[in-house]
Every structure is written in C-alpha cells, then in structure tokens.
Amino acid sequence: MNRIEWQPKAVKQLRKISDKALREQIYDSTQILKEFPDCANIKKLTNHTYSYRLRVGAYRVFFEFDGIVKVVSIEEVKKRDERTY
C-alpha cells in the first residue's frame with residue numbers, strides 16, 4: 001500500500017474547484033492510488049512533464065511515482081469539437 005503525498009500546487013487547484021461534490025469525487029478517486037499500479041483509469045505518459053495521469057470525469061490528476069505517489073497537478077480538460085484543431 002502506497003502513501004499519497006499532495007504537492008501544494010495540486011492542493012490549491014483542488015480547492016479552486018467550486019463544485020463541492022466534484023471536489024470530493026476527485027479526492028476520493030485519488031485514494032485508489034494507494035493501490036498503484038493496480039488501478040483503473042491510469043495512463044503512463046510519454047513526452048509529458050508528469051509520468052502518470054488519473055482520469056476523473058473532465059479532470060486529469062497528474063502524479064509521479066517513486067515509491068510514494070506524489071499528486072502534482074489537477075487540470076480540467078475542455079471539451080473538444082470540430083473547431084479544436
């Protein structure tokens with residue numbers, strides 16, 4: 001079982017999310033990272049600043065792993081459409 005460490009930037013980003021239910025959903029979803037690497041919705045990233053990402057609805061939780069799970073950043077993914085590219 002791994003320990004989860006929150007970086008100050010990620011905590012600040014989580015607090016900025018105004019919808020309390022969504023904030024709790026993101027926090028609860030990150031608790032599955034204690035079982036890392038046996039988790040769903042995890043993707044190892046290549047050519048990216050962070051090593052892994054966890055998908056939670058329209059949000060992505062980016063984290064690093066080196067024996068301890070370090071939640072680094074939380075970002076909202078904007079909806080893509082035909083005008084995105």
Side-chain angles (χ1 to χ4, degrees):
M1 193 137 154
N2 298 309
R3 204 179 71 182
I4 298 176
E5 202 174 271
W6 287 77
Q7 299 299 312
K9 176 183 174 184
V11 172
K12 188 175 180 181
Q13 289 169 326
L14 186 64
R15 286 186 180 143
K16 278 178 103 173
I17 298 170
S18 57
D19 184 354
K20 185 179 183 217
L22 183 59
R23 208 171 39 233
E24 288 175 356
Q25 179 188 3
I26 292 170
Y27 181 79
D28 292 344
S29 295
T30 60
Q31 297 310 302
I32 67 163
L33 296 176
K34 289 180 180 178
E35 306 299 326
F36 186 79
D38 302 322
C39 310
N41 292 330
I42 302 285
K43 186 172 185 180
K44 179 148 178 51
L45 303 174
T46 55
N47 299 325
H48 197 275
T49 310
Y50 309 117
S51 300
Y52 299 92
R53 71 115 170 93
L54 166 67
R55 190 164 69 199
V56 183
Y59 285 84
R60 303 297 179 262
V61 178
F62 295 101
F63 66 96
E64 301 287 340
F65 180 75
D66 57 355
I68 298 172
V69 174
K70 293 182 183 169
V71 177
V72 182
S73 180
I74 300 171
E75 297 176 14
E76 183 177 11
V77 176
K78 304 293 183 201
K79 181 156 175 52
R80 297 183 194 167
D81 58 14
E82 63 277 355
R83 293 171 288 176
T84 303
Y85 299 105

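For the numbers below, each heavy atom of this structure counts, side chains included, while hydrogens, waters and symmetry mates do not. Bear in mind that the values here come from a model prediction, so they are computed numbers and not experimental data.
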Review point. Within the distance-only criterion (no hydrogens, no angle test), does the side chain of Glu64 pair as donor or acceptor with the backbone N or O of Ser51 below 3.5 angstrom?
Key: yes
Point to revise | Axial cation check for Phe63 ring with Lys70, 6.0 Å and 45° limits | key: no
Point to revise | Between CD1 on residue Ile4 and OH on residue Tyr27, distance to nearest 0.5 Å | key: 7.0 Å
Point to revise | Atom of Ser73, atom of Ala10 and distance for their closest heavy-atom approach | key: N-CB, 4.0 Å
Practice item. For residues Phe62 and Thr49, determine if any side-chain heavy atom of one lies less than 4.5 Å from a side-chain heavy atom of the other. Key: no
Point to revise | Pair Tyr59-Leu14, side-chain contact (heavy atoms from CB on, under 4.5 Å): steps then yes or no | key: CA-CA 10 Å; Tyr59 285 84; Leu14 186 64; over 6 Å; no
Review point. Are any side-chain N or O atoms of Asn2 and backbone N or O atoms of Phe36, one a donor and one an acceptor, separated by less than 3.5 Å?
Key: yes
Point to revise | Nearest heavy atoms of Val72 and Gln13, plus distance in Å | key: O-OE1, 4.4 Å
Exercise for review: Would you indicate whether the side-chain heavy atoms of Ile32 and Leu54 approach each other to under 4.5 Å?
Suggested key: yes
Study note, to complete from the structure: The single option from Val61, Val77, Asn41 that satisfies side chain to side chain contact (heavy atoms under 4.5 Å, CB included) with Arg55 is Asn41
**Study point:** Between CD1 on residue Ile42 and CG on residue Leu33, distance to nearest 0.5 Å
**Key:** 5.0 Å
Study note, to complete from the structure: In this structure, CZ of Arg60 is separated from NZ of Lys43 (nearest 0.5 Å) by 10.0 Å
Check your understanding: Could you state the interatomic distance from CD (Glu76) to CD1 (Ile17), rounded to the nearest 0.5 Å?
Key -> 8.0 Å
Practice item. Find out if a path of hydrophobic residues (ILVMFWY) with successive side-chain heavy-atom gaps under 4.5 Å connects Tyr50 to Trp6. Key: no
Exercise for review: Determine, using the 4.5 Å side-chain heavy-atom cutoff (strictly less than), whether Val11 and Val71 are members of one ILVMFWY cluster.
Suggested key: yes
